[in-house]
Amino acid sequence: MLTIPWKAGAGWGAPEIKPYGPFALDPSSTVLHYAQTIFEGMKAYKDANGDIRIFRPDMNMKRMNTSARRIALPTFDGEALLELIKDLVRLDQHWIPTETGHSLYIRPSLIGTQKAIGVGPPNEALLFVILSPVGPYYPNGFKPVALYGTTEYVRASPGGTGAYKLGVNYAPGILPQQHAAQLGYAQNLWLHGPEHYITEVGTMNMFVVFRTDDGGYELVTPPLDGMILPGVTRDSVLTLARDHLTQKTPVAGLPPKLTVSERPVTMQEVKAAAQAGKIVEMFGAGTAAVISPVDRIGYLGEDILIPTGEGGMGPIARAVWTELVGRQTGAIPHEWSVVV
Ligand SMILES: *Cc1c(COP(=O)(O)O)cnc(C)c1O
């Protein structure tokens, strides 16, 4: 693991790469009381030539600094941290699985370690990075998930912290997740306001594909309004769809008649479109699953059925997934994939 200590006044100390193991923390450490903790998640792949690749890590470094700033943890030089992460991954490269769909998960984290009970910016902090090999999310083909349209809990609110990857955003989601599981659903579909705007699914960004009246498609995701986590996968889906439309980088399998929208979507719109046969598919997007198709949404006591296409994934999601995974693993050469 990689550790880098920080102290007010002195700044960042010497980075160290050492064997994975427990930390000794003072019981009054602020992270243990006030959730002064942020994290990131990315994956390293080994390509067909044996080269190690990380997907758009600059985005994760930027987002981690944005998160740090939001909870008054120290910010850092993202390019310098990325170089240290590359050193760590190179050293541990024998842990990167080479089977298709497998990767090495990279978890950077930053915690406040001030040794005094008191709510304020910490005078000490610790940045650390740990790694773990991970298998494919869907080892036996895509398995669409059922979502519970959650109206009794909220994940984020205007002016809140939903747009940042802070530890404090995740513990409160566990009970609602258990509630959804008891009702037979895999994940919470987080809704906002009396209109029940769709925000996110579990810890993924949400996409809806509508059939348009002119025989084309509209790919919709909610806008970054301060409640939505700005996912790297979300941005990648939007960017590759837009670059396909301008013919900058055509994506195999994506239709030419496609509108890409960042706009609010309500459950009412989804329900009406589903009943009118105008939903093509819905899917979550995030680093862990990449793309996660949805086949059903429990909403106010009834189930809304969502088409999933052949093999568990609809036509737009399949084209996007194939292109994304190709770029991540190096099978499709692209500047987003950084060779370590
Ligand atoms: C991490 C995360 C995502 C996905 O972000 P990626 O950068 O694509 O992995 C989406 N929503 C939430 C709440 C998250 O924590």
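For ligands, and for the atoms within them, numbers begin at 1 and follow the listed sequence.
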Problem - Asn205 (side chain) donor-acceptor with Glu200 (main chain) under 3.5 angstrom - result: no
Completion exercise
Residue shell for ligand 1, any heavy atom closer than 4.0 Å, reads Arg63, Arg155, Lys165, Tyr170, Glu200, Thr203, Met204, Asn205, Leu229, Gly231, Val232, Thr233, Gly286, Thr287
Practice task
Scan side-chain atoms only and decide if Glu218 and Ser261 contain a donor-acceptor pair under the 3.5 Å cut-off.
Solution key: yes
Practice task
Find out whether Lys7 and Thr113 are in side-chain contact, i.e. whether some heavy atom of one side chain is under 4.5 Å from a heavy atom of the other.
Solution key: no
Practice task
Assess the side chains of Arg56 and Ser236: does a donor N or O sit below 3.5 Å from an acceptor N or O?
Solution key: yes
Handout entry: Aromatic ring pairing Phe128/Phe23, orientation class (parallel under 30°, perpendicular over 60°, tilted between)
Key = perpendicular
Problem - Spatial distance of atom OG1 (Thr161) from atom CD1 (Ile38) [nearest 0.5 Å] - result: 12.5 Å
